[in-house]
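Encoded as structure tokens, the structure appears first; notes follow it.
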Amino acid sequence: MKYNFSEIESKWQKFWEENRTFQTDNSSNKPKAYILDMYPYPSGAGLHVGHPEGYTATDIICRYRRMKGYNVLHPMGWDAFGLPAERYAMQTNIHPRITTEQNIATFRRQIKMLGMSYDWSREIDTTDPAYYKWTQWIFLKIYDSWYDERVRKGRHIRALEEELMRQGTKDLRFGEHFAAGDWKRKSKKEKHDFLARFRLAYIAEIPVNWCEALGTVLANEEVAEWTDKGYTVERRPMRQWIMRITAYAERLLEDAKELDWPPSTTEQQRNWIGRSEGAEVIFPVKGISQNIKVFTTRPDTIFGATYMVLAPEHPLVEAVTTPAQKAAIDEYRSQAKLKSELERGSEAEKTGVFTGGYVINPATKKGIPVWIADYVLMGYGTGAIMAVPGHDERDFAFARKFQLSIIEVVSGGDISNAAYEEDGVAVNSANDEVSLNDLSTGEAKTKISLWLQQKKLGTPTVQYKLRDWLFSRQRYWGEPIPIVHLEDGTMKPLREEELPLLLPELKKFQPSGTTESPLALATEWVAVIDKETGMKGRRETNTMPQWAGSCWYYLRFIDPKNSKEFCSPELERRWMPIDWYIGGAEHAVLHLMYARFWHKVLYDLGHVSTKEPFMKLRHQGMILGEDSRKMSKSRGNVINPDDVVKEYGADAMRLFEMFMGPLEEMKPWSTRGVEGVYRFLNRVWRLYVNEEGILDGAVKEASVPSELERLFHATAKKVGDDIENLRFNTAISQMMILVNELTKSELRPRQILEPLVLLLAPFAPHIAEELWRILGHTSTLAYESWPSFDESKLQQKRVEVVFQVNGKIRAKCDVAVDADEATLKSLALAEANVKLHLGGKQIVKEIVVKNKLVNFVVR
RNA sequence: GCCAAAGUGGCGGAAUUGGUAGACGCGCUGGACUCAAAAUCCAGUCUGGCUUACCCCAGGUGUCGGUUCGAGUCCGACCUUUGGUACCA
């Protein structure tokens, strides 16, 4: 008789829900374990078989941890703001809230159907005003902060104001300088604008990635995702909210070293931050009293800098351009403006125009021509480079095309063919004051940097590829930014009591028709009078990006109902940091970097107690279709979890997803494979339950053969170890071996069958609960203690030892454990096949490894 | 191009520290049970050779070399796949 999984599964899901089996007790004094899944975006398509993979993994860890005596926090929620619901609303005029609610209901039903042990009382939804109130609150905390480089820390903007009031910009590293008195004399607007240059959230007019079809701007990090889907993204200057994540570049890099993350993920973040050490060097412009600063990582090649290139947007282009070249330069600049950085990059052939101007190479004292070219980007370094065509591939290609001179200053390559970028020995690198000749690249760098510093021509500098985070979106379905723009040109943040700032109701969902978000259509909502000053004001109409909600949701789970604080400090200290975080690798740079950034700001401001939120991170691999290709509707290879559960049950689905292979690998679905684990569950069932559906009479306390006992203890050990290390596939194999052995032996010793149910419980909780009940227990097994194993019982009495001649196995022998070397050797020599291969040859070496092998080396 | 991860039977994958390669599952083959089928159970299943024989011999973990008594595991070079990134000076 097959076990009735659908009856058993719904019975236990109901039991867990009614008994609040998995509700987390904040006041427990057990050790804590915060185990978190990346919460999903509830799409209209419902759960995908990829979702349960990670969820099952964390569920197994949680159930195991509970049985090991931990107090487990394991919540689930919804990353529910997002573009699809809004686009659907534009087509149908159905409010995104309604579609979102429906989608959440589907996701919740599907996740519950899989028997995950979430504490549903902590469920959160980022679109709930009670949640986004605190997203807005954190935004304002960030807005009201600045990064004090002297202490490498985010601080309240008030501290900066007080300092300016006290001593002006004396101690600040900042271009412009004024005294305390000057600050006091500044107008409200002037002060406001000055402080805005320090805030961690600020507005700037910058060229952004505008997507007409989506009607919104995209962050640099997001562009690829949409262009891959066929959307076009153009470059446009717009006034946008930006977060100063670059201030935290060094700390994001530094603190990543302590994280237990997949190496490829940390590596990706490192690359994205893109730290490089070099120097800023000043080149005086010939004829006018202006300097152009360049950034270079190879100051040792300065004698080979035969021309300079500015980004087309560089502010000094006009100053260096001669009248004769003006028309050509203007033409090139206006073309470059239209191109996105992506388009610029994809151009195979280098382009550029000579400005007519010259700068002085400070090392050679010679005048070198200044060009503009779009292979130099304004957004990196200083937007200007000293071009060293002999030792930089890009400069080489450019110099070849425009016939600029190429000089060798590092020997080791052949610069008539290609740029030599490797290290080598400096040549042709000397002037009256300094010579780098015959120095290695490393030595030359040090020497020239010192000289440049003495001459006040250069300073060592660190540059990052990381750009500030474009934070605003022209969308309706996102958190409103709680800022009012007053008629005097200043901005005013909402007071805490005014939060949440609710989304206005719209009669019709449509794009605003301009580059503003649809919120601009809610004219009554937009127009405000400032109560304090009576000034007219206009609400910010941009909303936050989808990443905002996920930057801190893990904190809200700790204290989801708190209406006074985003999270109680006491509970925060109890639960943070997250011990296990599992989710898709696609978030390696986006979510995981943004969340770390917010967390660090909150840490600096004293709102959280840990530097990093996610201590241990793992990604689940993608599940492919049965044809080993990516699942997609068009290929018709999509597997729906509902169908699988209906056919084989949730336990079989969970078990199969864990049995497929290592969690982090990409692997194809196999319906046959599901049948395989389903057969296994049936075999387990029959071990305990007879044809009448009750406990089989054979199940009783009985003496157990030592080999079976040993196998049981080995299984108990391996399953626990494997769960700790996320090796669920081998844990399941081990249980299969034990079950096969029990089936074959026809023995049903209760002292093995009882703990076996507990071992299986994290993987297949429903069947385990039912068997536990059938064994006569009256309550859930969720908090039973994890089966222990006896190390002494693991010891085998006999082992198979192999006998080798010249490393090849010639015989095997079953011997007593720990047989001594002499015994092993004589046993080996007694084997006929060993004798045959020794064949009277001389034994030059004997290797004897206890319990493993004997190897004779003969000549 | 650069960075990272990975290549093991017909398939998914084991082998955790250099010591019996292929655990476990799928598929396949044969058998038991059955009027028959399904389900279930049992046996076999890396390749080639020899043979009465699951005895033995040879080969075998992407390729080629190396270290070692012994390499899937360590080292070097290369090839392929996947993911990321792309004029970042």
Side-chain angles (χ1 to χ4, degrees), chain A residues 1-2 224 262-272 274-276 278 294-298 301 309 341-342 344-348 350 373-377 379-388 391-395 397-398 463-467 585-586 588-589 619 621-622 628 656 659-662 664-677 679-680 682-683 686 718 721-722 725 727 729-737 739-740 743-744 799-812 832-833 836 844-847 849 851-858:
Chain A
M1 193 175 89
K2 286 200 171 183
S264 59
T265 306
T266 354
E267 190 60 26
Q268 272 181 62
Q269 291 215 348
R270 221 202 315 280
N271 292 341
W272 194 263
R275 184 183 197 272
S276 61
V294 302
F295 174 71
T296 178
T297 53
R298 293 293 302 272
T301 61
V309 185
E341 258 176 47
L342 232 87
R344 284 194 188 187
S346 63
E347 227 122 293
K350 294 219 168 358
D374 63 10
Y375 81 91
V376 174
L377 309 170
Y380 183 78
T382 60
I385 61 156
M386 62 175 211
V388 185
H391 306 283
D392 182 287
E393 230 176 80
R394 298 152 298 176
D395 299 343
F398 193 80
Q463 280 292 339
Y464 301 92
K465 276 204 280 188
L466 183 72
R467 313 279 176 90
E586 66 275 19
V589 278
H619 304 300
M622 204 196 316
S628 290
F656 174 65
F659 185 63
M660 290 167 86
E664 310 198 36
E665 308 278 273
M666 186 188 285
K667 44 211 175 275
W669 184 262
S670 159
T671 301
R672 299 272 198 196
V674 188
E675 283 169 9
V677 294
R679 274 202 281 270
F680 165 70
N682 274 295
R683 216 150 50 230
R686 283 195 303 270
K718 184 161 176 58
D721 287 352
D722 282 351
N725 293 295
R727 290 192 298 254
N729 52 336
T730 50
I732 295 165
S733 300
Q734 185 65 33
M735 288 189 280
M736 285 172 167
I737 293 170
V739 168
N740 288 349
T743 305
K744 227 181 286 183
V799 283
E800 197 180 32
V801 169
V802 298
F803 301 139
Q804 303 178 321
V805 177
N806 280 348
K808 287 195 201 294
I809 296 158
R810 297 305 176 187
K812 297 175 186 181
N833 202 38
L836 189 74
V844 291
K845 201 170 177 184
E846 294 163 359
I847 294 114
V849 183
N851 298 330
K852 290 255 155 95
L853 56 79
V854 177
N855 186 14
F856 298 110
V857 185
V858 296

Could you list the protein-to-nucleotides 2-6 of chain B atom pairs, N/O on both sides, closer than 3.5 Å?
| from | atom 1 | to | atom 2 | distance (Å) |
| --- | --- | --- | --- | --- |
| B:C3 | O2' | A:E267 | OE2 | 3.2 |

Any side-chain N or O of [X] under 4.0 Å from OP1/OP2 of [N]?
{"X": "A:K812", "N": "B:U20", "value": "no"}
{"X": "A:N740", "N": "B:G25", "value": "yes"}
{"X": "A:S276", "N": "B:A89", "value": "yes"}

Using a 4.0 Å heavy-atom cut-off, does [X] contact any base of the nucleic acid, only the sugar-phosphate backbone, or nothing at all?
{"X": "A:P262", "result": "nothing"}
{"X": "A:G676", "result": "sugar-phosphate"}
{"X": "A:N855", "result": "base"}
{"X": "A:R727", "result": "base"}
{"X": "A:I737", "result": "sugar-phosphate"}
{"X": "A:R275", "result": "nothing"}
{"X": "A:S670", "result": "nothing"}
{"X": "A:N725", "result": "nothing"}

Between [N] and [M], how many Å separate the two [atom1] atoms, rounded to a whole number?
{"N": "B:U61", "M": "B:C11", "atom1": "P", "value": "16 Å"}
{"N": "B:G10", "M": "B:G18", "atom1": "P", "value": "29 Å"}
{"N": "B:G22", "M": "B:C46", "atom1": "C1'", "value": "7 Å"}
{"N": "B:G7", "M": "B:A21", "atom1": "C1'", "value": "16 Å"}

Closest-nucleotide ordering on RNA chain B, the 5'-leading residue of A:Q268 and A:Y380: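 Mapping each residue to its closest nucleotide by heavy atoms, the 5'-most match is A:Q268.
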Please produce a list of atom pairs where a protein N or O lies less than 3.5 Å from an N or O of nucleotides 47-54 of chain B.
none

Can you tell me which stems involve RNA chain B, if a stem is defined as three or more consecutive Watson-Crick or G-U wobble pairs, both distances under 3.5 Å?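 RNA chain B forms these stems: B:1-7 with B:79-85, B:10-12 with B:24-26, B:27-32 with B:40-45, B:46-49 with B:56-59, B:62-66 with B:74-78.
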